[in-house]
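Scroll down for the structure; my scribbles are underneath it.
Values reported hereafter were calculated over all heavy atoms of this structure, with side chains retained and with hydrogens, waters and symmetry mates removed. Chain letters run A, B, ... following the sequence lines, proteins first, then strands; residues in each count from 1.
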There are 2 protein chains.
Amino acid sequence: MLTNERHEFILNMLAEKQTIKIQDVVDATAASESTIRRDLTELENQQKLERVFGGAVLPDRNLMEQSVSDKSTQHLQEKIRLAKFAATFVQDGDSVYLDAGTTTFQMIPFLKDKDITVVTNGLTHVDSLNEHGITTYLTGGLMKSRTGALVGAQTVQSLQNYRFDRCFLGVNGIHEEYGYTTPDPEEAAVKRLASSLSRKAYVLADHSKYNKVSFAKIMDLAAAVMVVDRMPDDLLAILEKKTTVKVES
Amino acid sequence: MLTNERHEFILNMLAEKQTIKIQDVVDATAASESTIRRDLTELENQQKLERVFGGAVLPDRNLMEQSVSDKSTQHLQEKIRLAKFAATFVQDGDSVYLDAGTTTFQMIPFLKDKDITVVTNGLTHVDSLNEHGITTYLTGGLMKSRTGALVGAQTVQSLQNYRFDRCFLGVNGIHEEYGYTTPDPEEAAVKRLASSLSRKAYVLADHSKYNKVSFAKIMDLAAAVMVVDRMPDDLLAILEKKTTVKVES
DNA sequence: TTGTTTTTGAATGAATTTAATCGTTTTTGA
DNA sequence: TCAAAAACGATTAAATTCATTCAAAAACAA
């Protein structure tokens with residue numbers, strides 16, 4: 001059995017069973033214990049797994065994967081559907097700003113085959129963007145560990161160097177009077193600037209955001225096209241007086 | 001069996017089994033081992049397959065692999081020792097630039113209890129910095145998927161906003177005459193600028209870098225303090241005429 | 001046929017991977 | 001807490017694979 005095969009085998013075994021014992025791997029591969037040990041240290045160096053006494057476990061997931069599988073991230077399927085819908089607005093040749101956040105994150109797989117350049121302030125986005133072969137620029141700035149977003153004066157300044165065809169933002173609240181809002185004023189500032197640098201701005205919001213108001217105002221409703229999933233007709237009628245609303249489904 | 005036929009045969013076999021062993025091909029074709037080896041070398045040059053020890057695999061499984069391909073634990077341990085040593089130069093209150101790269105990455109755990117602010121262009125660094133509770137700014141810029149570094153004009157501009165007390169750089173070559181060198185000119189430009197913005201610059205290099213010259217020059221030896229592990233006395237004598245050398249051990 | 005070029009196969013020593021050993025560290029369970 | 005058992009890293013020897021070289025065989029051209 002070739003080294004690569006063994007490595008693949010070990011990783012598959014690990015993916016299937018979550019944790020593996022060295023002896024089990026030895027028995028399953030007919031290689032010596034030394035060899036398996038060497039394999040495990042090598043795979044650990046590649047961050048493909050994490051060694052523990054007696055075997056190995058799956059590595060720590062990154063921030064976005066954690067939050068995606070987190071119970072607090074509700075409506076995942078709906079977010080994915082919404083993200084897919086939003087991605088249809090992106091065209092070849094576009095330069096796109098992708099805001100940090102879980103919904104925009106879900107757009108990435110659907111951008112795969114488009115010939116675009118992406119700028120993002122979402123640290124958690126870059127690995128995925130990279131995996132999907134998308135040319136990616138990151139804004140500078142201070143890392144907010146909780147959300148994995150870059151914010152602050154440096155982020156604002158970085159952004160000034162770009163102009164976008166389209167910009168996709170996540171928000172926490174949508175309200176007829178108070179506009180788009182989000183909890184963190186610094187993130188709000190970044191979102192506001194990004195949209196102002198963009199020919200066309202889109203706000204992605206699932207129905208749980210309707211008529212909510214969060215602390216920091218980003219901008220008025222009219223400043224962006226609203227991309228939403230199902231929405232009550234009466235609310236839709238009200239919002240459509242303020243801005244364009246694209247309803248998925 | 002004609003050469004072309006053999007090549008076809010090998011590629012089919014590979015397409016079917018994903019991984020092939022040289023001996024299996026020899027048995028299946030009744031050609032000699034030498035011949036099969038020649039075939040594989042040739043096919044690899046045509047990028048039709050990738051050779052591995054003992055056989056061959058399909059090419060470009062994913063190009064992420066190559067970036068983290070260092071498998072020797074030996075090497076890694078030495079890097080950790082060197083990184084630990086380098087970290088002793090950091091003092092409370094410092095603002096520190098941490099270059100992208102594996103050696104500087106290993107410094108992070110040793111910076112844990114220091115009261116510092118870190119700026120880095122290394123995407124791979126941020127999670128670890130975050131885990132260790134270190135205030136971190138990221139430069140902006142284009143993401144190079146191979147090295148996980150941010151480079152380019154935006155990175156340069158981001159950097160201009162900072163001034164550092166100390167800056168820690170990795171390099172690929174150290175040479176008395178040609179100075180510090182690295183393969184990528186864009187990364188070289190970033191390193192050069194970072195060191196010029198720093199009160200004190202340090203270059204981390206293990207012994208495998210001595211007397212090597214890479215494509216892009218970063219700067220002269222005198223522009224940074226050299227932090228190295230063991231070093232032959234005669235070479236040390238030469239380099240110490242050019243700059244300060246801190247030897248770990 | 002004869003001479004030339006190309007391909008093949010075998011041999012060699014170097015390089016790499018694997019297996020086994022041994023002293024040390026960690027875990028387990030009484 | 002202590003001792004036995006299991007797992008560990010490091011070292012070393014064995015086995016396997018590799019690149020190189022060179023001569024024989026085959027293909028080719030004149």
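One interatomic measurement links the two molecules: CD1 of B:I80 to C1' of D:dG9, which rounds to 14 Å at whole-angstrom precision. Rounded to an integer number of Å, the gap from B:D39 CG to D:dA19 P is 13 Å. The separation between A:E42 atom CD and C:dT16 atom C1' is 12 Å, rounded to whole Å. What separates CG of A:L40 from P of D:dA7 is a distance of 13 Å, to the nearest Å.
Under a 3.5 Å cut-off, the side chain of B:E44 and the backbone N or O of B:R51 do form a donor-acceptor pair. Within the 3.5 Å criterion, the main-chain N or O of B:S214 finds no donor-acceptor partner in the side chain of B:N172. Judged by distance alone, the side chain of B:S95 and the main-chain N or O of B:D165 form a donor-acceptor pair under 3.5 Å. Side-chain N or O atoms of B:T139 include none that pairs as donor or acceptor with a backbone N or O of A:G140 at under 3.5 Å. Not one N or O on the side chain of B:H132 forms a donor-acceptor pair closer than 3.5 Å with the backbone of B:I134.
Between B:K242 and B:D220 there is no salt bridge, since no side-chain nitrogen of the basic residue lies less than 4.0 Å from a carboxylate oxygen of the acidic one. A salt bridge is absent between B:K144 and B:E186; no separation between the charged side-chain nitrogens and carboxylate oxygens falls under 4.0 Å. Salt-bridge formation is detected for the pair B:E33/B:R37: a Lys NZ or Arg NE/NH1/NH2 atom is positioned less than 4.0 Å from an Asp or Glu carboxylate oxygen.
Close to C:dT16, at under 4.0 Å from its OP1 or OP2, lies no side-chain N or O of A:T3.
Residue B:T41 is classed as having no contact, given no heavy-atom separation below 4.0 Å to the nucleic acid.
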Distances for protein N/O vs nucleotides 10-12 of chain C N/O pairs under 3.5 angstrom?
residue: C:dA10; atom: N7; partner: B:S34; partner atom: OG; Å: 2.9
residue: C:dA10; atom: N6; partner: B:S34; partner atom: OG; Å: 3.3

Could I get a table of every N or O pair under 3.5 Å where one atom is in the protein and the other is in nucleotides 12-17 of chain D?
residue: D:dT17; atom: O3'; partner: B:G54; partner atom: N; Å: 3.2

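Remark: B:F105 pairs with B:H125 by the ring-ring contact (aromatic ring centres under 6.0 Å, His included) rule, at least two apart or across chains. Scored by the salt bridge (Lys or Arg N to Asp or Glu O under 4.0 Å) test, B:R6 finds B:D39 as partners (sequence neighbours excluded).
For residues 98-118 of chain B, the pairs satisfying salt bridge (charged side-chain N to carboxylate O under 4.0 Å, His left out) are B:D99-B:K191, with sequence neighbours left out.
Rounded to 10°, the helix from C:dT1-D:dA30 to C:dA30-D:dT1 has 40° between the axis fitted to its first five pairs and the one fitted to its last five.
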